[in-house]
Amino acid sequence: MRLSQFLMPTLRENPSEAQIVSHRLMLRAGMIRQSSAGIYTWLPLGFRVLKRIEQIVREEQDAAGCQEMLMPTIQPAELWRESGRYDDYGKEMLRIRDRHDREMLYGPTNEELITDIFRNAVRSYKELPKLLYHIQWKFRDEVRPRFGVMRGREFLMKDSYSFDIDAAAARRSYNKMFVAYLRTFARMGLKAIPMAAETGPIGGDLSHEFIILAETGESQVYCHRDLVEFDVLATEVDYEADLQPIVDKWTSLYAATDEKHDPAIFAQIPESDRVEARGIEVGHIFYFGTKYSAPMKATVTDAEGKDVVVHMGSYGIGVSRLVGAIIEASHDDAGIIWPDSVAPFDVALVNLRSGDAACDAAAGDLYTKLRNAGLEVLYDDRAESPGVKFATMDLIGLPWQLIVGPRGLKSGVVELKRRSTGAKEELTIDAALARLAAKG
RNA sequence: CGGAGUGUAGCUCAGCCUGGUAGAGCGCCAGCUUUGGGAGCUGGAUGUCGCAGGUUCAAAUCCUGCCACUCCGACCA
């Protein structure tokens, strides 16, 4: 993509409405624009990141045996009356009426809808387990939206639902999601730590919030250092094998949010292993038994020919929130530092002197060759001063900057800069190409 | 939902107290000079001063009502 053609309205100054760093940087980098309170337009740069995050989530869900589908944003009120939540949910649910005066709502979540699908489509225990998910926009009419996409009213969520014959089988589904979540966040360069969460009326220990550590996080969290240092991606996961040992490894060590923090227990951890940090919730997994399947009569026939109410769980990842969360976890004074896996482009190709014949030829050639190597390239071909270009590229935070200028070209070299470390290296054009092509 | 605040150019903001021709910096456009970390000079364009009433000869400015947005708190992917 040529930057001269790309819609990326960057801002030099911090917009007054933005308070936290991810919100400021997303506005300044031209990723989003606010439409109304808690509702945003995703401009091309932001949309690219959203799509890449979504894709990682999708790949890991698929790997865990979860099947993608797509449910509507608008739901009928009747289903929510069946579960009893239509009246319980309160003002956070956006209620609307269609032209026939039928009560509808913009879905804040999808337990009712998926349960309805399930009960009409699945009859036998032999079809279990079923793990289903979709990635769809949600609307929750928050009293006070804030922090940009970190707490919007409209947000993109991946929500999965599991259906099993009994509690033991449901735990296996839960464990699959537990492990899939660890991998999902790790692939985005995040340290996500599962922390025990409120389980509601069902009780038990089957609910975890996945919290990433970020200096500017909203809540205070406490955990054992080993949790931060586990290498999640080191081994492949066999989702058909028993995952309990992996879950146990994570849940046996201390990890708590401020609300659940017990200083006495925390104090028993050796001081060098105690981590106190700020955290952002990016995922939440939950086993809730028959809470929806019982009132909505989602049953299957078991081996004895009896109807059995299925056991369910739901599993959410805030996809749009992750965009902000990743920035909170990865930025510096100059701007965003995208992890390679979610960057909107792989390489920033900077022509320091557009209009100069040698620079234009060299940069144009690199632009073609980098794309042919399978890389997504943002080519800054604007007639701006070098300082503006450097500042823009640091702001939008692409992992690599390949800088083509008249000074270097005289000796046949270009400069390759790694955004995350700031390390710069002068290379011949071919060497730079080879280096980057290896990343494609 | 309780408390506080803000709406003036694309962005950041001044002007309001004390009513009298709509402002600055950055950005944008044109030209020239520059060019390796947000360049310089010259010229130019850009506004229902959030909306609606009211007071007044005269309202961005004073009064009333409304709307939107932000912040703090209680609640949440």
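Residue numbers start from 1 in every chain, and the chains themselves are labelled A, B, ... in the order their sequence lines are given, proteins ahead of strands.
Listed for the A:Ser4 side chain is no donor-acceptor partner under 3.5 Å among the backbone atoms of A:Asp381. For the pair A:Ser36 (side chain) and A:Ile39 (backbone), a donor-acceptor distance under 3.5 Å is absent. A:Lys389 places a side-chain N or O within 3.5 Å of a backbone atom of A:Arg382 that can act as its donor or acceptor partner.
The base of B:rC11 lies outside donor-acceptor range of the side chain of A:Arg12, with no N or O pair under 3.5 Å. Judged by distance alone with a 3.5 Å cut-off, a donor-acceptor contact links the side chain of A:Glu415 to the base of B:rG36. Side-chain N/O atoms of A:Lys417 and base N/O atoms of B:rG37 include a donor-acceptor pair closer than 3.5 Å. At a cut-off of 3.5 angstrom, counting only N and O atoms as typed in the model, there is no donor on one side facing an acceptor on the other between the side-chain of A:Glu17 and the base of B:rG7.
For B:rA52, the paired nucleotide is B:rU64, the pair qualifying as Watson-Crick or G-U wobble because both relevant distances are below 3.5 Å.
With a 6.0 Å cutoff to the six-membered ring centre and a 45° limit on the axis angle, A:Arg48 counts as a cation-pi contact of A:Phe345.
For A:Ser16, no side-chain nitrogen or oxygen approaches OP1 or OP2 of B:rU70 to under 4.0 Å. A close approach under 4.0 Å does occur between a side-chain nitrogen or oxygen of A:Arg144 and OP1 or OP2 of B:rC72. The shortest distance between the side-chain N/O atoms of A:Lys389 and the OP1/OP2 oxygens of B:rG37 is not below 4.0 Å. Considering only side-chain N and O atoms, A:Gln34 lies nowhere under 4.0 angstrom from the phosphate OP1 or OP2 of B:rA68.
Checked against a 6.0 Å centroid threshold, the rings of A:Tyr174 and A:Tyr287 do not count as neighbours.
Here B:rA39 presents its P atom at 15 Å from CZ of A:Arg353, a figure rounded to the nearest Å. A straight line from CZ of A:Arg153 to P of B:rC75 spans 20 Å, rounded to a whole angstrom.
For A:Gln19 and A:Ser354, each mapped to the nucleotide of RNA chain B holding its nearest heavy atom, the one lying further toward the 5' end belongs to A:Ser354.
Taking a 6.0 Å sphere around CD of A:Glu78, one finds it holds 12 or fewer heavy atoms contributed by other residues, nucleotides or ligands.
Taking the six-membered ring where the residue is Trp, A:Phe288 and A:Phe286 present tilted rings, their angle falling between 30° and 60°.
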message: Each nucleotide in nucleotides 43-51 of chain B should get exactly one letter: B, S or -. Can you fill that in based on protein heavy atoms under 4.0 Å?
response: ---------
